[in-house]
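Below, each value reflects all heavy atoms present in this structure, side chains not excepted, and no hydrogens, waters or symmetry copies. In what follows, chains are A, B, ... by sequence order, proteins preceding strands, each numbered from 1.
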Amino acid sequence: MDEETLDKQTAESIRTSLVTWFRENCRELPWRELDDPYAVWVSEVMLQQTQVATVIDYFNRWMEAFPTLQDLADAELDDVLGLWAGLGYYRRARMLHEASQSLRETGMPTTHAELLEVKGIGAYTAGAISSIAFGIAVPAVDGNVKRVVARLFALEDVWTSKGEGKVWEIAEELVDPESPGDFNEGMMELGATICRPKNPKCLLCPVRESCQAFALGTPETYPEPKPRKKPKKQTTRVVAHRRDDEVYVVRAEDGGLLGGLWGFPSSDAQSEDAPSDPVGEVVHVFSHIRMTYELHESSETPEFPQMEGRWVPIRDLGDLPMSVAMKKVAALLSMG
DNA sequence: AACTCGGGGTC
DNA sequence: GACCCAGAGTT
């Protein structure tokens, strides 16, 4: 970091103001009351691209089902995904499960470098766990921190690799060596509650006096918005197979969209002829796909030879995981 | 550097 | 609708 951007006195002022503010104003969140590196890990993975308010209930249910790393390692994937269903980005749950099994003997890594080697733990999450659970003075830069740093130093570019690198450099100089966890949580808490994307509450901000964007009078204009692409339109044909009075679902192949979750057997609607006239459609928007599910019904049971545990009546799904998208499709059936 | 991975809160 | 969320892995 060059000193024209950040002098030592400014840095010290920001960190003491921020840490003091955080300790007086932090929200009571379930993972803040446990003092458990495993709980910090679980919460940080759930919080990837997911808002705090959404995570709270999932976190409590998860910790009740899998209180320790060993409990998670012993769990079945279906139970793991079942507790994750609705959170999205299901690979997070699969990687958490796998990682818990590879760490069964050693327990949680306690250094930044070791944490970075764990599947599903990247630069942000390694920084968060290191600082919050182990008191290691490393930065943790998420979307909130990018926005806060961008405004403090009037940076427009935080989304290119160059701009992101700059934010990490600043965060590294800024992080409080005495209380890195409170500092990093404070930056994120500030971004979530005060330094919001729109309508920031600058009059309540503890670091307002150090904020260049506030001084310029246009805090909202920093940083530049992340470039986004429109979700591509795509159609998937799904089939509700009926036998007797039951509708059957299957488990989607791992790896792809909604992999590992249960739902109607699907095929690309591009080339082949439809098996029947569709009985309904639902649209579900993913981050990168605007998907139209075209529902067909069939009384044929072509794949039923492999009945052992593979085809399950939707009525008997129980706690098996089904995505929100497939639940939308299922809702079509009951509307008749 | 671009792409793949969900779903929901909020304006 | 648009925008964003305590991102990571793969290509």
Checklist entry - With a 4.0 Å cut-off on heavy atoms, is A/Ala140 in touch with a base, just the backbone sugar-phosphate, or nothing at all? => result nothing
Checklist entry - So what does A/Arg147 touch, heavy atoms closer than 4.0 Å: a base, only the sugar-phosphate, or nothing? => result sugar-phosphate
Item to check | Nearest-Å distance once atom P is located in both B/dC5 and C/dC5 | outcome: 22 Å
Checklist entry - Should A/Tyr90 be listed as having a side-chain N or O under 4.0 Å from OP1 or OP2 of B/dG7? => result yes
Checklist entry - Can you find a side chain N or O atom of A/Thr54 that sits less than 4.0 Å from OP1 or OP2 on C/dC5? => result no
Checklist entry - Would one find more than 12 heavy atoms of other residues, nucleotides or ligands at under 6.0 Å from atom CD of A/Glu220? => result yes
Next on the checklist: Looking at C/dC5, I'd like to know if its phosphate oxygens (OP1 or OP2) sit under 4.0 Å from a side-chain N or O belonging to A/Gln49.
Outcome noted: no
Checklist entry - OP1, OP2 of B/dA2 versus side-chain N and O of A/Arg228: anything below 4.0 Å? => result no
Item to check | C/dA6 and B/dT4, which share atom name P, separated by this distance in whole Å | outcome: 25 Å
Item to check | Side chain of A/Glu185 (C-beta onward), nearest among B/dG8, B/dC5, C/dA6 | outcome: C/dA6
Next on the checklist: I'd like to know whether CD of A/Glu33 has more than 12 heavy-atom contacts from other residues, nucleotides or ligands below 6.0 angstrom.
Outcome noted: yes
Checklist entry - Of the nucleotides C/dA8, B/dG7, C/dG9, which one has an atom closest to the side chain of A/Lys119? => result C/dG9
Next on the checklist: So, OP1 or OP2 of B/dG7: does either fall under 4.0 Å of a side-chain N or O from A/His284?
Outcome noted: yes
Next on the checklist: Taking atom CD as the centre, does A/Glu246 end up with more than 12 heavy-atom neighbours from other residues, nucleotides or ligands that are less than 6.0 angstrom away?
Outcome noted: yes
Item to check | Distance, P atom - from B/dG8 to C/dA8, rounded to whole angstrom | outcome: 22 Å
Next on the checklist: Categorize A/Gly255 for me: base, sugar-phosphate, or nothing, with a 4.0 angstrom heavy-atom threshold over every strand shown.
Outcome noted: sugar-phosphate
Item to check | A/Thr50 side-chain N/O to A/Gln48 backbone N/O, donor-acceptor pair under 3.5 Å | outcome: yes
